[in-house]
Amino acid sequence: MKKILVTGGAGYIGSHACKALKAAGYEPVTFDNLETGWRDAVKFGPFEHGDLLDRARLDEVFAAHRPVAVMHFAALSQVGEAMSQPGRYWRNNVAGSLNLIEAAVDAGCLDFVFSSTCATYGEHDNVVLDEDTPQLPLNAYGASKRAIEDVLRDFGASHDLNSVIFRYFNVAGADPEAEVGEFHRPETHLVPLMLEAIDGKRPALTVFGTDYDTRDGTCIRDYVHVCDLVDAHVLGLKWLEEGKGNRVFNLGTGSGFTVMEVIDESRAVTNRDVPYEVGPRRAGDATCLVSGSVRAERELGWTPGRSTLKMMIEDAWRWHQTGHYEQ
Ligand code: UDP
């Protein structure tokens, strides 16, 4: 069975990727420092504890498993934290990824799938965000991801590293079988925070700003189901295996929803009240982030079939009620 090194395999998206890889006939090897991930989330292949900043440990893992490709999810990913602690973002995300890329190249593992973000685009008024939109990130999170994209391009030119870069829009939902799901501590993301408020686990959701220039004043995001997202990664892996070369793909549905629309849909799905209050804007948030691209659908044959708000919230709610990891 071909092994794939999955950094961040104990995290939200990485754990779903491991499940999808196993289902597609690969063996996912999780590499994770468990700073934000969960040992319990590693269910579909071997686990290697380690930090991307530890080059010797990376070399050991490449030598022990001889993976044919890397899927790189491990990263700090909170906009608020990136605004207050940019150094952590540059060190962990950029220096850590550089270590990983060099270790992969030295081990002769030249197929690389990278999780980037629409936060690399920044704010573009009334512009459709496709893969050619200029990248002008508003925060150190987006800037660190853009920098890693540049490193991958340079190593592609100098060392024949082949990369598929996915720029995610807002990932939500959970494994419909609830084997893995979204669980951050602290939690900062809209959907899980809202479900915790619905369930009485927190007093209320705070809506960050109602004075944006949108249909109801709240920010617009393009939500994509985590299972659809990881399916695109398996397709990206096959793309690399077929020798199709370096490519960037947006992963979004092209439909944007406001925070208030997400709240309304959650009320409908759970049949419960959503306690919320209005707060100030969160620093670093763009008004509207919606993918304007069908490249992944056209070129990879990707179909984001579970990415309706209804299905994402239903699956997240099922996981919220039945699944958890030991803290
Ligand atoms: N949001 C909010 N309250 C929260 C968390 C998020 O109003 O407690 C809003 C946030 O301003 C953004 C959207 O919900 O417009 C999605 O935020 P999230 O943190 O889930 O993802 P991000 O857009 O930062 O990747």
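Sequence positions, counted from 1, serve as the residue numbers for this chain. Start at 1 and go down the list; that is how both ligands and their atoms are numbered.
Listed by chain and number, the residues in a side chain to side chain contact (heavy atoms under 4.5 Å, CB included) with Glu48 are Val29, Phe31, Arg57, Val61, His65 (sequence neighbours excluded). Applying the ring pair (Phe, Tyr, Trp, His ring centres under 6.0 Å) rule to Trp239 yields the partners Phe249; only residues at least two apart in sequence or on another chain are considered.
For the pair Asp32 and Val42, the minimum side-chain heavy-atom distance is 4.5 Å or more. Between Tyr121 and Arg167 there is a side-chain heavy-atom pair separated by less than 4.5 Å.
Linking Ile, Leu, Val, Met, Phe, Trp and Tyr whenever their side-chain heavy atoms come within less than 4.5 Å leaves Val171 and Leu289 in two separate clusters.
Taking a heavy-atom cut-off of under 4.0 Å, ligand 1 is surrounded by Asn170, Thr188, His189, Leu190, Leu193, Leu205, Thr206, Val207, Phe208, Cys219, Arg221, Tyr223, Val259, Arg282, Asp285.
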Which atom pairs, donor and acceptor, lie under 3.5 Å between side-chain atoms of residues 269-276 and protein residues at least two apart or in another chain?
residue, atom, partner, partner atom, Å
Thr270, OG1, Ser266, O, 2.7
Thr270, OG1, Arg272, N, 3.3

